Amino acid sequence: MSQLAVERTLGKLLTDDSFRERFFTSPRETVWTAGLRLSDIELAALSGLSRSALRSFSASLDPRICLATDSSPEEGQP
């Protein structure tokens with residue numbers, strides 16, 4: 001059990017759309033692949049979060065702190 005792993009998972013759920021979608025399809029595999037070691041209790045608690053609430057909160061974040069979901073370079077970037 002690790003509070004740091006919980007916090008990192010929450011951060012990825014909020015800032016990485018692809019991770020969030022994979023997580024809700026296959027939570028255990030997704031966190032394991034990301035190197036996040038969660039206990040069964042932590043994984044169950046995070047899996048019980050509302051996908052729509054996470055998506056909504058994610059949409060309110062400044063895009064500069066979120067993982068880009070498209071492959072086009074940002075304006076002004078090479």
Side-chain angles (χ1 to χ4, degrees):
M1 201 176 329
S2 164
Q3 183 64 28
L4 180 57
V6 170
E7 292 171 6
R8 289 186 61 214
T9 303
L10 280 168
K12 288 184 73 60
L13 286 168
L14 291 171
T15 62
D16 184 338
D17 293 342
S18 176
F19 178 86
R20 184 172 51 252
E21 293 310 311
R22 289 190 319 271
F23 178 83
F24 281 107
T25 301
S26 181
R28 186 172 305 282
E29 181 180 337
T30 301
V31 296
W32 185 261
T33 301
L36 301 164
R37 303 301 179 246
L38 298 171
S39 70
D40 290 340
I41 292 169
E42 292 165 336
L43 188 60
L46 292 169
S47 296
L49 294 172
S50 165
R51 184 187 299 206
S52 63
L54 288 171
R55 191 179 301 123
S56 177
F57 185 72
S58 177
S60 74
L61 295 174
D62 187 314
R64 295 174 292 182
I65 64 169
C66 296
L67 188 63
T69 55
D70 64 44
S71 58
S72 61
E74 291 184 31
E75 187 176 310
Q77 296 293 318

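In what follows, every heavy atom counts, from backbone to side chain, and hydrogens, waters and symmetry copies are set aside. Note that the coordinates shown come from a computational prediction; the quantities given were computed from them, not determined experimentally.
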K.L.:
Would L38 and V6 satisfy side-chain contact (heavy atoms from CB on, under 4.5 Å), going step by step from the backbone distance to the final call?
P.N.:
CA-CA 7 Å; L38 298 171; V6 170; 3.9 Å; yes
K.L.:
Are L13 and I65 in one and the same hydrophobic cluster, where Ile, Leu, Val, Met, Phe, Trp and Tyr link if side-chain heavy atoms are under 4.5 Å apart?
P.N.:
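As far as the 4.5 Å side-chain criterion goes, I65 and L13 are connected within one cluster.
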K.L.:
Working to the nearest 0.5 Å, report the span between CG of L46 and CD1 of I41.
P.N.:
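The CD1 atom of I41 is 12.0 Å from CG of L46, to the nearest 0.5 Å.
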K.L.:
For S50, which residues count as a side chain to side chain contact (heavy atoms under 4.5 Å, CB included) partner, sequence neighbours excluded?
P.N.:
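With sequence neighbours excluded, S50 shows a side chain to side chain contact (heavy atoms under 4.5 Å, CB included) to S52, A53, given in chain and number order.
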K.L.:
Find the distance between CG (L54) and CG (D17) and round it off to the nearest 0.5 Å.
P.N.:
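It is 11.0 Å, given to the nearest 0.5 Å.
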K.L.:
R37 and S2: which non-hydrogen atoms are nearest, and at how many Å?
P.N.:
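Where R37 meets S2 most closely, the heavy atoms are O-CB, 4.4 Å.
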K.L.:
Which residues pass the side-chain hydrogen bond (donor to acceptor under 3.5 Å, both in side chains) test with R8, not counting sequence neighbours?
P.N.:
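side-chain hydrogen bond (donor to acceptor under 3.5 Å, both in side chains) check on R8 returns nothing, list empty.
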K.L.:
Find the distance between CZ (F57) and CG (L10) and round it off to the nearest 0.5 Å.
P.N.:
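Separation between the atoms: 10.5 Å.
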K.L.:
Report the distance from atom CG of L14 to atom CG of L67, rounding to the nearest 0.5 Å.
P.N.:
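Between atom CG of L14 and atom CG of L67 there are 13.0 Å.
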K.L.:
Please check if L61 and L49 belong to a single hydrophobic cluster, counting links between Ile, Leu, Val, Met, Phe, Trp and Tyr side chain heavy atoms closer than 4.5 Å.
P.N.:
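Per the 4.5 Å side-chain linkage, L61 and L49 are co-clustered.
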K.L.:
What is the minimum heavy-atom distance between T15 and G11, and which atoms define it?
P.N.:
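Heavy-atom minimum between the residues: OG1-O, 2.8 Å.
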K.L.:
Can you list everything that forms a salt bridge (Lys or Arg N to Asp or Glu O under 4.0 Å) with R22? Sequence neighbours excluded, please.
P.N.:
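Applying salt bridge (Lys or Arg N to Asp or Glu O under 4.0 Å) to R22 gives none.
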K.L.:
With sequence neighbours excluded, tell me which residues meet side chain to side chain contact (heavy atoms under 4.5 Å, CB included) with S47.
P.N.:
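Partners of S47 under the side chain to side chain contact (heavy atoms under 4.5 Å, CB included) test: F23, P27, L43.
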K.L.:
Is there side-chain contact between R20 and T30, with heavy atoms separated by less than 4.5 Å?
P.N.:
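Sidechains of T30 and R20: no contact.
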K.L.:
Who pairs with R55 by salt bridge (Lys or Arg N to Asp or Glu O under 4.0 Å), at least two apart in sequence or on another chain?
P.N.:
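If we apply the salt bridge (Lys or Arg N to Asp or Glu O under 4.0 Å) test to R55, skipping adjacent residues, the hits are E21.
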K.L.:
Please check if the number of heavy atoms outside E29 that lie under 6.0 Å from its CD is greater than 12.
P.N.:
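It does not: E29 CD has 12 such atoms or fewer within range.
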K.L.:
Tell me every residue that passes side chain to side chain contact (heavy atoms under 4.5 Å, CB included) with A34, counting only those two or more places apart in sequence or in another chain.
P.N.:
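Partners of A34 by the side chain to side chain contact (heavy atoms under 4.5 Å, CB included) criterion, ordered by chain and then number, come out as K12, F19, L36.
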K.L.:
Can you confirm whether R51 is buried at CZ, in the sense that more than 12 heavy atoms of other residues, nucleotides or ligands lie under 6.0 Å from that atom?
P.N.:
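Yes, the 6.0 Å shell around CZ holds more than 12 heavy atoms from other groups.
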